[in-house]
Amino acid sequence: MDYSIRITGEAGQGIQTIGDTLAKLLARAGYYVFTQQDYESRIRGGHNSYRIRFSAGTITASQAKIRILVPLDREGIALHGKELAEEGILLYDSVSLKEKLTGSRSLDIPFADLAISHGGNKIMANTVAVGAVLGVLGMGLEGLNRIITDTFQKKGEEIISANIRAALAGHQYAKENCPHCASVPGMAEDGKGKMLISGSEAIGLGAIASGCRFYAAYPMTPSTGIMNYIASKAHEYGIVVEQAEDEIAAINMALGASFAGVRAMTGTSGGGFSLMVEGLSLAAMTETPVVIALGQRPGPATGFPTRTEQGELGFALHAGHGEFPRVIFAPGTPEQAFHLTRKAFDLAEKYQIPAIILTDQHLADTTWSYDSLDLTGIEINDYRLRGEQFQALPEYKRHAFTGSGISPFGVPGEARHLVVTDSDEHDEEGHIVEDAETRIRMVQKRLFRKLPPLRKEIAPPTLYGHKKPVVLLAGWGSTFGVIREVVDYYAPVMDIAMLHFSEIYPFPATGQFNYLKLLREAELAVCVENNATGQFARLMRTETGYSFTNMINKYDGRPFSVEGLVEEIRAILG
Amino acid sequence: MDYSIRITGEAGQGIQTIGDTLAKLLARAGYYVFTQQDYESRIRGGHNSYRIRFSAGTITASQAKIRILVPLDREGIALHGKELAEEGILLYDSVSLKEKLTGSRSLDIPFADLAISHGGNKIMANTVAVGAVLGVLGMGLEGLNRIITDTFQKKGEEIISANIRAALAGHQYAKENCPHCASVPGMAEDGKGKMLISGSEAIGLGAIASGCRFYAAYPMTPSTGIMNYIASKAHEYGIVVEQAEDEIAAINMALGASFAGVRAMTGTSGGGFSLMVEGLSLAAMTETPVVIALGQRPGPATGFPTRTEQGELGFALHAGHGEFPRVIFAPGTPEQAFHLTRKAFDLAEKYQIPAIILTDQHLADTTWSYDSLDLTGIEINDYRLRGEQFQALPEYKRHAFTGSGISPFGVPGEARHLVVTDSDEHDEEGHIVEDAETRIRMVQKRLFRKLPPLRKEIAPPTLYGHKKPVVLLAGWGSTFGVIREVVDYYAPVMDIAMLHFSEIYPFPATGQFNYLKLLREAELAVCVENNATGQFARLMRTETGYSFTNMINKYDGRPFSVEGLVEEIRAILG
Amino acid sequence: MPSLDDYKGQTPAWCPGCGNFGILKAFKDAMVEMGKEPHEFTIVSGIGQAGKFPHYLKCNTFNGLHGRTLPVATGMRLANSGMTVIAVAGDGDCYGEGGNHLIHAIRRNINVKLFVHDNQVYGLTKGQASPTSTETGKGGMKTKNQPFGILSEQLNPIALAVALDCSFVARGFAGDMAHLKEIIKEAAGHTGFSLVDILQPCVSFNKINTFEWYKERVYRIEAGYNPEDRITAFAKALEWGERIPLGVIYRNNRPTLEEQIPLIAETPLVKQSVDLSRIAATMKDFY
Amino acid sequence: MPSLDDYKGQTPAWCPGCGNFGILKAFKDAMVEMGKEPHEFTIVSGIGQAGKFPHYLKCNTFNGLHGRTLPVATGMRLANSGMTVIAVAGDGDCYGEGGNHLIHAIRRNINVKLFVHDNQVYGLTKGQASPTSTETGKGGMKTKNQPFGILSEQLNPIALAVALDCSFVARGFAGDMAHLKEIIKEAAGHTGFSLVDILQPCVSFNKINTFEWYKERVYRIEAGYNPEDRITAFAKALEWGERIPLGVIYRNNRPTLEEQIPLIAETPLVKQSVDLSRIAATMKDFY
Ligand SMILES: Cc1ncc(C[n+]2csc(CCOP(=O)(O)OP(=O)(O)O)c2C)c(N)n1
Ligand SMILES: Cc1ncc(C[n+]2csc(CCOP(=O)(O)OP(=O)(O)O)c2C)c(N)n1
Ligand code: SF4
Ligand code: SF4
Ligand SMILES: [Mg+2]
Ligand SMILES: [Mg+2]
């Protein structure tokens with residue numbers, strides 16, 4: 001059981017609602033689900049698509065072959081028709097599309113007419129379509145009816161029952177007119193509901209679970225989802241969410257809040273991050289913890305606002321004037337995003353440094369299914385000096401030289417001690433200095449003392465697949481899902497594995513897991529990156545001297561597809 | 001003949017005027033001169049120093065031993081007295097300093113009293129001091145009198161003659177009371193005047209000589225000198241100089257002017273550059289040429305505003321979201337700064353990319369002497385389409401795919417053709433697109449087509465010293481002068497050389513000059529950097545796989561001194 | 001003489017019914033009536049729905065970054081003071097991200113025409129509050145990313161511009177194209193920095209300030225109004241809510257930046273040739 | 001009760017005779033008179049001569065970047081609305097580099113007190129024009145980096161603030177310490193964003209707007225003046241040149257941002273404990 005549904009249409013036609021509803025129903029029914037959207041930088045019109053793949057086993061990427069195609073626009077037929085599987089079916093409304101298809105693989109369903117006749121309003125055509133898809137799948141309508149009831153609660157009984165009728169009409173029509181559809185199983189075997197979560201939501205949830213209390217940002221695709229999620233929980237968790245006037249303000253607000261004693265975060269995309277770079281350097285100089293979610297999209301400049309790329313690893317690593325340490329995580333899945341966001345907050349606070357969570361539009365917007373996220377050990381280490389404990393100190397210097405190299409960080413106002421910091425080079429108290437001796441000690445404290453323990457915190461890369469691979473596919477960040485599926489694809493015929501890096505900087509040591517040995521022993525070690533220049537391969541060379549045998553790069557603004565990557569690897573294998 | 005004069009005092013006491021006057025006189029007298037200032041981020045008070053070294057041969061750094069020390073503040077005696085040479089002399093005014101020194105190496109000259117008695121005003125004490133230094137050196141007063149006449153022209157005859165009297169008083173007092181000073185030669189042998197130019201002035205002059213017509217910037221030490229110099233020539237050369245409201249505006253203004261058809265530049269330091277990073281990415285996407293002077297100072301954040309560091313190489317290399325090519329030059333001398341600024345403009349225009357001139361406070365503020373700068377071949381290649389030539393084209397697309405990879409760049413308004421560009425991914429005409437195919441071709445055009453020819457433009461590093469060195473000292477940017485002197489120092493006793501990189505990116509190829517072979521064959525290959533982390537060494541490893549045998553890093557905000565570097569190398573030699 | 005056909009650009013990606021269509025129409029009409037040829041002017045636009053504007057007609061175009069239209073336009077005018085330079089921005093673009101540039105462009109009085117498509121919302125990024133959004137507590141919308149509502153006071157760009165002594169300040173409405181066209185022509189004809197704030201209904205995300213909402217409130221400023229008195233203009237600028245004035249609210253004759261730079265007072269910089277013959281002489285300064 | 005001794009900070013690196021000394025004195029006096037202890041407030045300052053201010057007294061201090069005082073101060077207040085947060089900036093700092101933040105801090109009405117040391121020049125970077133410098137053609141100075149003179153119209157920060165409906169707008173003078181002290185106290189006592197523009201002679205770089213120049217022109221605003229009327233305030237704000245008013249020019253009682261966020265209306269965020277017990281329940285939303 002491994003099916004893909006694709007809904008296509010113009011922006012504003014509602015494919016997102018159809019897709020979200022179906023995906024939720026499938027996950028609730030116990031399937032593993034993976035969804036991926038392709039959309040343009042416009043609000044209405046154009047051509048968008050929503051892919052839902054579901055399966056009885058774990059899935060981490062889309063697949064090209066479509067089992068059910070629901071085009072709400074004619075372009076959907078032209079562009080995606082050829083991807084319809086042999087056993088696939090195309091559900092469409094010939095009246096709305098003003099096009100009549102022939103052949104056994106298409107089913108003309110009068111979505112609009114059924115909506116009018118059963119629901120009383122054309123607006124319910126999408127509900128009819130959802131009902132029809134469920135009909136084709138042989139699934140019942142209970143789940144859908146529940147969702148309808150929840151969604152339209154505020155709109156009243158009337159609307160709810162109209163929608164329920166519309167759904168039923170689509171369902172029946174499909175069942176009656178699609179005889180060979182009966183073969184589709186109606187339920188995943190275990191019957192246990194799955195959760196469905198996007199990368200953005202996972203970061204948001206991770207931030208909340210880290211005790212984040214302040215989030216300031218300026219809207220920018222694909223990072224806005226994080227802000228929206230955190231905002232939706234602001235009342236419940238006591239989080240101040242502030243829309244800043246620009247990204248410079250956003251990071252400086254976060255630093256102000258952090259200095260004042262609460263955990264603070266901001267999020268943006270490359271263009272906004274460019275504007276935050278001076279603030280990043282300020283965080284470093286004042287040793288003020290901050291977490292930054294950087295959702296990459298294709299650049300330079302505005303680029304492709306709604307598409308994906310891994311083009312800013314080098315930038316994230318070197319951003320900011322002057323020399324200072326930082327943490328960079330690039331989660332490969334929502335699950336990793338959740339846990340690494342927590343780790344980012346912890347390390348930022350522990351070492352008083354900035355931590356960057358590097359994602360991209362692909363990870364941000366795809367949704368993944370899990371039985372659950374592991375919440376064991378969800379607790380917060382408070383590294384700040386507060387109240388009694390702070391007041392009890394005989395003396396206090398914000399930037400004191402200490403045995404551990406980490407200076408005590410008191411919360412201003414909680415004691416009579418003053419908390420002073422400065423973007424200029426400063427002394428232990430935090431006041432401006434000009435002398436060479438203090439400078440040297442401060443650089444050592446901020447940089448050299450912190451890096452070695454910080455590096456020890458970094459987990460090694462993940463190995464998936466064969467333990468002594470002949471072919472090793474390396475990746476970082478959002479390519480996790482697709483590489484994993486490609487490994488599964490080739491596993492039956494070769495000793496293949498994935499080496500995935502999600503904790504990127506400080507670059508993982510080899511003590512715990514000698515991944516360099518693995519790379520060197522593989523016959524083919526291919527670095528797969530969703531960018532043009534191979535930034536991770538370059539970092540690997542810089543940090544370890546190791547050069548990959550091959551590189552696969554994609555820079556058209558689209559994520560890798562399983563099929564595409566399979567082909568690229570086949571080409572390398574020769 | 002190799003002498004050093006040091007003048008010290010509080011900010012506002014006028015040591016800069018004394019130093020500038022003496023340096024100019026010495027250069028005019030035909031000496032090679034090198035000056036270096038050490039100052040704090042304040043306008044009055046504190047402790048500053050002005051070093052002038054002069055010699056009959058080429059000099060490129062300061063030396064520690066002082067021949068003439070003129071402390072206008074007591075701290076000058078305390079801090080610099082121990083650096084006075086055996087044969088040196090300390091000129092001071094015991095009344096003003098309220099301190100009386102003993103010993104034969106000090107000469108108490110009543111600067112203030114002589115100013116009052118001969119000039120009629122205490123304000124001329126500095127003129128007395130200059131006269132006294134000349135007296136000690138056994139040099140005549142004609143040159144000084146000329147400078148006085150020029151400087152005070154507007155203030156009238158009265159002031160001029162008063163100053164001339166004051167200078168004479170100091171001169172005579174020194175001659176009479178410093179009998180053993182007579183041994184100092186009064187003139188350089190060749191008697192030919194030298195020019196004296198700072199790094200900032202050289203960049204400014206280079207920009208003017210490149211046909212730069214627009215300079216927008218926001219003041220920031222140590223880049224303000226470039227703006228001031230260009231502003232001083234604005235009327236003469238027809239240059240619009242605009243003080244922007246912030247650095248974001250500065251770079252965007254430069255891009256607007258460049259797009260409109262004139263050569264444009266901006267300059268800043270690390271903090272301001274951080275704010276320009278989004279604009280840098282815009283320059284790349286719109287393929288709009290721009291030259292950026294980035295004068296480094298110690299960071300992070302505000303750091304040491306008036307001091308020096310080479311901390312932003314990695315940042316300059318990776319700044320900006322998305323992937324795009326750039327040129328980075330790091331001149332080692334004002335002469336290189338002049339020529340590389342010209343080359344930066346040329347390459348920026350030729351390849352329609354941003355070019356960064358990476359200097360630092362040390363290079364910006366030190367002045368160097370030359371017989372002259374080579375002006376042969378000062379001409380401008382105009383790569384834009386203008387007037388008739390533009391109008392004559394049958395059709396025009398700003399971002400057309402061409403054989404050379406470079407798109408034609410027309411000046412808007414000079415023909416009926418429209419010039420259209422976009423920060424979004426765009427088609428050949430410059431209009432927004434969303435498709436993968438165009439994206440791929442545009443990335444190839446902007447990035448892959450430009451890099452190989454660009455790399456061919458880059459000159460190899462400079463080798464100074466032994467041709468097959470056993471000890472090779474590598475450096476980049478402003479360390480040129482000090483490394484060169486250290487090579488001279490050790491040359492008599494070992495096969496030593498300097499390998500200096502001033503054209504940093506694209507990283508120089510080895511075809512013309514196999515510097516890698518030289519590095520590998522040297523017993524000791526030491527990378528000398530004025531930063532904490534060894535950014536150039538890292539770049540070398542990334543680009544070539546080569547790792548230096550040793551590193552010498554200095555990160556106290558001060559430039560290397562010859563003596564200090566000699567010691568560090570001695571320590572390595574063991 | 002150009003015709004509307006010469007101004008046919010790409011098919012707009014705006015939502016059907018969007019106020020931007022009215023602005024586009026009024027703008028093209030104004031250009032045609034003024035006899036302006038497409039190559040005779042340059043539009044600098046930002047990022048947002050408004051930022052796409054120049055692609056939908058024909059002209060020299062620099063579609064730059066979000067918030068940075070005015071510095072680019074300033075650089076252009078200084079380099080080529082013979083070129084008409086128009087900046088087109090969104091309310092978020094120009095009053096949010098780019099607020100600082102607005103202040104200083106007004107102070108400079110660079111001869112740029114700024115048209116702000118003010119839909120009181122962030123359109124392209126799907127409905128966040130913009131600086132001109134009304135506070136939720138005062139009848140404004142609710143947004144997804146502001147859990148406590150829109151709390152900042154609605155920005156009054158007209159009052160801001162009057163306070164900064166902006167050379168030309170007007171308000172137009174996308175729903176009154178004929179009037180808007182005249183304002184565009186007047187702004188284009190004015191010598192000095194011109195801000196035209198254009199009320200532009202966003203049918204997708206601003207369900208409050210709709211065409212109807214505006215239509216009920218806007219009025220063309222009465223004939224006897226004197227836009228040259230700053231205090232009067234300030235009072236007029238404060239009108240909002242029940243009655244919203246359309247037309248020229250403030251105007252003065254300050255000299256432009258370009259006029260004050262002797263170098264370019266006569267000939268645009270881009271038309272002046274570069275003369276390097278004096279470089280050797282200039283080098284002599286250093287001796 | 002604190003005494004002046006408790007406020008003794010580092011030795012100022014300002015030039016002898018600088019107007020900043022007067023501001024420092026007035027500020028310390030105001031704090032002492034208000035009985036404010038050093039640990040009870042935080043100063044956020046920028047970069048410039050004004051930015052060094054907090055080092056020269058005693059208090060919690062965040063001396064941040066040039067131009068970015070207000071966002072830092074805003075974040076602080078939102079995190080700890082129990083803390084008095086004061087922003088100290090230069091005119092270049094706050095009206096130049098940081099202009100956008102000023103607009104939006106005023107709109108937010110975050111309860112921050114902003115003191116601008118307005119010397120009408122860039123002091124620390126040696127004498128460039130600031131937004132409040134007078135045009136060269138109108139008697140202003142000449143600068144090294146502006147070959148054609150200062151051409152941008154002098155910014156009137158008071159008029160700008162009134163136009164933005166700033167909660168408290170006042171002007172002080174470093175040469176009238178007694179009066180300045182009272183304004184500082186009044187600003188500190190006001191609930192809402194407060195802008196105090198302080199005329200501060202720079203003896204090293206501003207040879208035009210000297211102590212004498214100001215002394216000849218400033219006057220304390222007359223007793224009957226009503227700072228609550230916006231139009232009156234705007235007219236008063238425009239006074240400059242012959243007569244320069246000192247005192248509170250505009251004031252209103254808009255609710256602060258902090259008051260409007262229910263979450264922190266009672267208890268500052270930093271005093272609220274974090275409760276993660278509901279995370280598992282929250283995760284259930286995703287099923
Ligand atoms: C530096 C930066 N930050 C954020 C964005 C994302 N962004 C694109 S358009 C936009 C706002 C659009 O609002 P507005 O300017 O009012 O234009 P509208 O779409 O409403 O016409 C934002 C925040 C960006 N492109 N660049
Ligand atoms: C981003 C950035 N740009 C420029 C500077 C350099 N800089 C430091 S202080 C200053 C201006 C000082 O003027 P003002 O703010 O009026 O303060 P003042 O010294 O006059 O008190 C500038 C431009 C900087 N530190 N950071
Ligand atoms: S989102 Fe609003 S502003 Fe944007 S095109 Fe649609 S209606 Fe117009
Ligand atoms: S330069 Fe001006 S503002 Fe700065 S300390 Fe000196 S007098 Fe004061
Ligand atoms: Mg808008
Ligand atoms: Mg100032």
Side-chain angles (χ1 to χ4, degrees), chain A residues 40-41 46 248 269-275 277-282 284-286 296 298-305 307 309 311-312 314-315 317-324 422-425 432 434 436-437 439-440 443 446-448 531-533 535 538 541-542 545 547 555-558, chain B residues 40-41 46 248 269-275 277-282 284-286 296 298-305 307 309 311-312 314-315 317-324 422-425 432 434 436-437 439-440 443 446-448 531-533 535 538 541-542 545 547 555-558:
Chain A
E40 300 181 5
S41 182
I248 302 173
S269 182
F273 184 71
S274 282
L275 293 166
V277 155
E278 193 193 15
L280 186 72
S281 181
L282 176 65
M285 188 53 138
T286 58
Q296 300 162 101
T302 309
F304 272 156
R307 305 196 179 277
E309 188 162 280
E312 283 142 26
F315 182 32
L317 260 162
H318 296 91
H321 56 296
E323 301 179 283
F324 54 88
D422 192 353
S423 71
D424 294 278
E425 191 55 274
I432 314 189
E434 289 268 5
E437 294 65 38
R439 166 76 182 172
I440 293 169
V443 173
R446 281 193 301 263
L447 189 57
F448 296 131
N531 61 32
T533 59
Q535 300 190 18
R538 186 176 163 98
R541 198 162 60 242
T542 309
S547 292
Y555 49 89
D556 61 357
R558 277 72 180 167
Chain B
E40 300 181 3
S41 183
I248 302 173
S269 183
F273 183 71
S274 283
L275 294 166
V277 155
E278 194 194 13
L280 187 73
S281 180
L282 176 65
M285 188 53 138
T286 58
Q296 301 162 102
T302 310
F304 272 156
R307 305 196 179 275
E309 188 160 280
E312 283 142 26
F315 182 31
L317 260 162
H318 296 91
H321 56 295
E323 302 179 285
F324 54 88
D422 192 353
S423 72
D424 294 279
E425 190 56 273
I432 314 189
E434 289 269 4
E437 295 66 35
R439 166 77 181 173
I440 292 169
V443 172
R446 281 193 301 264
L447 188 58
F448 296 132
N531 61 32
T533 60
Q535 300 190 16
R538 187 176 162 99
R541 198 162 60 242
T542 308
S547 293
Y555 48 89
D556 61 356
R558 275 74 180 167

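This structure is a prediction, so every number in the text was calculated from the model and none was measured. Naming convention: chains lettered A, B, ... in sequence-line order (proteins, then strands); numbering from 1 in each chain.
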Is it the backbone or the side chain of [X] that comes under 4.5 Å from a heavy atom of chain B, or both, or neither?
| X | result |
| --- | --- |
| Glu40(A) | both |
| Asp422(A) | neither |
| Arg558(A) | side chain |
| Ser547(A) | neither |

- [ ] Apply side chain to side chain contact (heavy atoms under 4.5 Å, CB included) to His318(B) and Gln535(A), showing your working.
- [x] CA-CA 10 Å; His318(B) 296 91; Gln535(A) 300 190 18; over 6 Å; no

TODO: Return the set of residues passing side-chain contact (heavy atoms from CB on, under 4.5 Å) with Ser274(A) (not counting sequence neighbours), or none when no residue passes.
DONE: Phe315(A), Val277(B), Glu278(B), His321(B)

Task: With sequence neighbours excluded, residues passing side-chain contact (heavy atoms from CB on, under 4.5 Å) with Ala532(A) - done: Tyr555(A), Glu323(B), Val443(B), Leu447(B), Phe448(B)

In terms of heavy-atom pairs under 4.5 Å, which option from [options] contacts chain B the most?
| options | result |
| --- | --- |
| Gly46(A), Gly314(A), Gly322(A), Ala301(A) | Ala301(A) |
| Ala284(A), Gly545(A), Ala319(A), Gly320(A) | Gly320(A) |
| Gln296(A), Arg446(A), Glu312(A), Glu437(A) | Glu312(A) |

TODO: Side chain from CB out, backbone as N, CA, C, O: work out which of these in Ser269(B) comes under 4.5 Å of a heavy atom of chain A, or both, or neither.
DONE: neither

Task: Residue Glu434(B) versus chain A: region with a heavy atom under 4.5 Å - done: both

Task: Arg439(B) vs Pro298(A) side-chain heavy atoms within contact, under 4.5 Å - done: yes

Task: Side chains of Leu275(B) and Ile248(A) in contact at under 4.5 Å (non-hydrogen atoms) - done: yes

- [ ] Against chain A, work out which of Gly557(B), Gly303(B), Ser41(B), Gly299(B) has the most heavy-atom pairs shorter than 4.5 Å and name it.
- [x] Gly303(B)

